[in-house]
Amino acid sequence: MLKTAFVAARDRQRLSEIATILIGFGVTRVVDRLGLRYLPLVPRRQPRVDVTRLSEPERLRRAIEALGPTFIKFGQVLASRPDLLSPAWTEELQKLHSQVVPVTWEQIGPQLELDLGGSPLEVFAEFDTNPIASASIAQVYRARLHSGEDVIVKVLRPNLRKIIEADLRLMAHGARIVENEWPDMARYQPREQMRHLADGLNGELDLLNEARNCELLAQIFEDRDDIVFPKIHWEYCSERVLVQDFIHGIPPNDEAALRAAGIDKKLLAQKGTDAFLQMALIEGVFHADPHPGNMLALPGNKIGFIDFGIIGRLSQRRRSQLLVLIGAMLKQDADGLMAVLLDWTGTSNPDLTRLQVSAQSFVESHSSIPLNLGLVLTDFMNMARENDLAMPTDLAILFKGLVTADGVMRHLDPNFDLFAAAGPTVRASMQTQFSLSALKQKAEALGVGLYGAASELPTLIHLMLVRLKQGRVTVEIEVKGLDKVTRGIERAAARVAVALVVAAFATQLAPRLIDLGTPVFVSIGLIIFILGIGWLVLLMRNK
């Protein structure tokens, strides 16, 4: 069924590799459903594990890790979507990691030298050729500038773009086929998922994009010295190289180091929450992966953010909807909760009675205080999945970020209540959105729109009156299947016409020809009569 993928002959080799890996790990349902079984397979060593002893989710996770960065990123996206997959699958996919064996310095050094315009050992005062981190997309090195600043140098892995672009093309083909061939899969929005994946990966393949994301978020907190972002050293940066300050911080899950540094963990949790919610609810742009490695505790109870390969964005409308959702949760308003969910997934057609029961059960199960935000959001997306609803991608990214941030904050403070901590930011957001100035702006925008429509109304009414006087007002009605009805009427009319002609001949013209006694006329008349009868029989058979 992936015939369209074969159009790109340059991707056949990669498609064969994908099929080989999936079959090798026993992911046969995917192989069979996408028609990959009959591809010429690439010779490959057998998996190091006995796949027959693994569950289906485990097989898929192992196969994804073997398929490389594109599929790892996609698996990580699916792991954060309990509205699409059941817990057995999301829990297994959450084990996906992008830590891989580092590329040797002999492989990556020449590329870095080309991008820097000189040897890293000369461009920097100090440069450690042993990476401090190695992921599927890039490797990170420690260095020191000649001006004395400690920096990290992030470098894309060599020859990565070609593989990722081929994977994205093939996955896009597959998504189109899945959506067109299997209507029951349409609610999963495969093409939308692929578009989101492509946008994210293309952003990560350009490290200049990560640098811009860092500065964009840093501008939000330019007036606060307790929220820290690394400085970008643009003179060294390019598409494949990112150089930024090294932040000397402590991971939030390093208990001993936090105690030794005298960090107030409760205060840090509050600050982290304030920062994340200000980004998401007020500014509409936020760090999409605030896990413990990307949020660091600094002396003086400061918090630092790093790694901005992917950021999330929320429109003003989405932020307003999110406030309504939070309000419905806090008030245990099942109807309000259901209304928000239907608004978000408006293209679906769920069973409303079943959805109302689910919403009521949801609010009852989360009526205790304090609320566990991670559990609340996970259960909310589970409720969507059980009612055949899929969350919009931008909200799924936000929910993933909130769940991750909530986990970090609870590690700092086990009694942490993100809903309570979010109070000041939520109030500030509501004051911003519903202040007199904001309402005035909305009223002015509405007035401009109404004025534009009203200014055109007299012209439209005048034109309609003229058309009525001229009798030129027409109404177009499209009736499905009308072409079939028209053809049927045409065939019936033809049969009637032929029948009338034959009947007229038989009753009027034929007797007169016989009376004339002319054998030729009689013969011609009989031939016409016989042909007419034959034509009529054929028309009746083809009705």
Side-chain angles (χ1 to χ4, degrees), residues 57-58 60-61 63-65 67 69-99 135-137 168 171 175 185 187-204 213 272-273 276-277 279-280 285-295 305 307-314 318 321-322 325 341 344-345 362 372-411 418:
E58 286 177 305
L60 178 61
R61 194 254 303 169
I64 286 174
E65 288 176 341
L67 285 168
T70 313
F71 290 87
I72 289 173
K73 291 293 181 183
F74 184 51
Q76 290 170 340
V77 170
L78 291 178
S80 66
R81 299 297 303 269
D83 59 316
L84 301 181
L85 299 177
S86 65
W89 293 88
T90 56
E91 289 171 8
E92 185 62 35
L93 292 177
Q94 285 170 3
K95 300 175 185 177
L96 282 168
H97 61 84
S98 55
Q99 296 295 321
S136 58
I137 298 291
L168 289 175
M171 293 171 79
M185 302 289 286
R187 81 172 187 88
Y188 295 103
Q189 303 171 316
R191 283 191 287 185
E192 171 65 15
Q193 301 302 329
M194 287 303 104
R195 185 196 64 77
H196 164 60
L197 177 67
D199 289 346
L201 277 171
N202 286 327
E204 289 193 73
N213 290 343
T273 300
F276 186 84
L277 293 178
M279 287 187 276
V285 55
F286 57 93
H287 195 301
D289 192 18
H291 63 72
N294 292 336
M295 296 175 64
F305 288 90
D307 194 353
F308 310 95
I310 301 177
I311 62 173
R313 296 181 184 274
L314 286 179
R318 281 279 190 259
Q321 292 172 330
L322 190 61
L325 173 65
L341 187 55
W344 283 344
T345 57
F362 173 84
N372 183 327
L373 181 66
L375 182 60
V376 168
L377 293 180
T378 300
D379 284 354
F380 182 78
M381 289 192 280
N382 284 334
M383 179 179 66
R385 174 178 49 80
E386 291 166 358
N387 286 274
D388 297 326
L389 299 170
M391 301 293 296
T393 303
D394 56 347
L395 283 169
I397 295 172
L398 174 66
F399 283 10
K400 173 183 178 292
L402 284 170
V403 171
T404 304
D406 184 61
V408 174
M409 304 315 161
R410 285 183 176 278
H411 194 91
L418 195 145

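Predicted model only: the values in this text are computed from it and were never measured. Residue numbers count from 1 along this sequence.
In this structure, CG on Leu201 lies 10.5 Å from CD1 on Ile72, to the nearest 0.5 angstrom. Separating the CZ atom in Arg81 from the CD1 atom in Ile397 is a distance of 8.5 Å, to the nearest 0.5 Å. Note that CG of Leu322 is 10.5 Å distant from CG of Asp394, once rounded to the nearest 0.5 Å.
Contact check for Ile310 versus Asn213: no side-chain heavy atoms found under the 4.5 Å cut-off. Using a 4.5 Å heavy-atom threshold, the side chains of Gln76 and Lys400 count as separate. The shortest side-chain heavy-atom distance between Leu314 and Leu395 falls under the 4.5 Å cut-off. Annotation: side chain of Leu402 is in contact with side chain of Leu277 (closest heavy-atom distance under 4.5 Å). A heavy-atom distance below 4.5 Å is found between the side chains of Ile137 and Lys73. The shortest side-chain heavy-atom distance between Phe74 and Leu96 does not fall under the 4.5 Å cut-off. For the pair Ile64/Leu93, a side-chain contact is recorded, criterion being any heavy-atom separation below 4.5 Å from C-beta on. Arg318 is listed as a side-chain neighbour of Pro392, based on a closest heavy-atom distance under 4.5 Å.
In terms of heavy-atom proximity, Met171 sits nearest to Leu197 at CE-CD2, 3.7 Å. Nearest heavy atom pair, residue Gly272 against residue Met295, reads CA-CE, 4.3 Å. When every heavy atom of Ala288 is checked against every heavy atom of Gly312, the shortest pair comes out as CB-N, 3.9 Å. The heavy-atom pair separating Pro290 from Phe276 by the smallest distance is CG-CE1, 3.8 Å. What you find for Ile311 and Arg313 is that their closest heavy atoms are CD1-NH2, 3.8 Å. The minimum heavy-atom distance between Phe308 and Phe305, with the atom names listed, is CZ-O, 3.2 Å.
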Stepwise, does the side chain to side chain donor-acceptor pair (under 3.5 Å) test hold for His196 with Asp199? CA-CA 5 Å; His196 164 60; Asp199 289 346; over 6 Å; no
Pair Leu60-Phe71, side chain to side chain contact (heavy atoms under 4.5 Å, CB included): steps then yes or no: CA-CA 11 Å; Leu60 178 61; Phe71 290 87; over 6 Å; no
Side chain to side chain contact (heavy atoms under 4.5 Å, CB included) assessment of Val376 paired with Phe362: CA-CA 9 Å; Val376 168; Phe362 173 84; 3.8 Å; yes
Apply side chain to side chain contact (heavy atoms under 4.5 Å, CB included) to the pair Asn387 and Leu341, showing each step before the final yes or no. CA-CA 11 Å; Asn387 286 274; Leu341 187 55; 5.9 Å; no
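The pair Glu58-Arg61 does not meet the salt-bridge criterion, since no charged nitrogen lies less than 4.0 angstrom from a carboxylate oxygen.
Between the Arg385 side chain and the Leu85 main chain, a donor and an acceptor come within less than 3.5 Å of each other. Using a distance-only test at 3.5 Å, with no hydrogens or angles considered, a donor-acceptor pair links the side chain of Asn294 to the main chain of Asp289.
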